[in-house]
Amino acid sequence: MVSSLSALAARTNRADEGLLALRKDLAQRTVTVRDRGDLVEVEADAAGKVLAVSVNSTLVRRVDARTLANAILQATTGAQRAAAELVAQRRAYHLG
């Protein structure tokens, strides 16, 4: 009984250490995604929070507002999807 409790405690410790390492790892990571036309670039953190939006100043002069809005939406959605994929990859790495 004592050995099974010790084994459980050791597994719990490893899981706690893995979660802490995962949090530290993700806190330092961002993803950057562009829309298909390279008009907009969006940077997001691992939680999917948008940190920055950059617009290609050369191309933006050639498009209308609707095209720009769609590019922003496309890049933002892509960045949030990439952030979720990053979390899944890092979770598998740290927690197995």
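Side-chain atoms are counted along with the backbone in the values below, which use heavy atoms only and exclude waters and symmetry mates.
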When rounded to the nearest 0.5 angstrom, what distance separates CG in Asn70 from CG in Leu39?
10.5 Å
May I have the list of side-chain donor-acceptor pairs in residues 84-96 shorter than 3.5 Å, sequence neighbours left out?
from: Arg90; atom 1: NE; to: Asp25; atom 2: OD2; distance (Å): 2.6
from: Arg90; atom 1: NH2; to: Asp25; atom 2: OD2; distance (Å): 2.9
from: His94; atom 1: NE2; to: Asp25; atom 2: OD2; distance (Å): 2.9

CG on Asp35 to OG1 on Thr67, rounded to 0.5 Å:
10.0 Å
What closest approach, in Å, do Val31 and Ala79 show between heavy atoms, and which atom pair accounts for it?
CG2-O, 3.4 Å
Residues in salt bridge (Lys or Arg N to Asp or Glu O under 4.0 Å) with Arg14, at least two apart?
none
Shortest non-hydrogen contact from Leu59 to Gly37?
CD1-O, 3.6 Å
Identify the two heavy atoms, one from Val40 and one from Leu68, that lie closest to each other, and give their separation to 0.1 Å.
CG2-CD1, 3.9 Å
Least distance between heavy atoms, Val42 atom then Val50 atom
CG1-CG1, 3.9 Å
Closest approach of Leu26 and Ala46, non-hydrogen atoms and distance?
O-CB, 3.7 Å
In Å and rounded to the nearest 0.5 Å, what is the CG to NZ distance from Leu19 to Lys24?
12.5 Å
Could you tell me whether the side chain of Gln74 and the main chain of Arg36 form a donor-acceptor pair under 3.5 Å?
yes
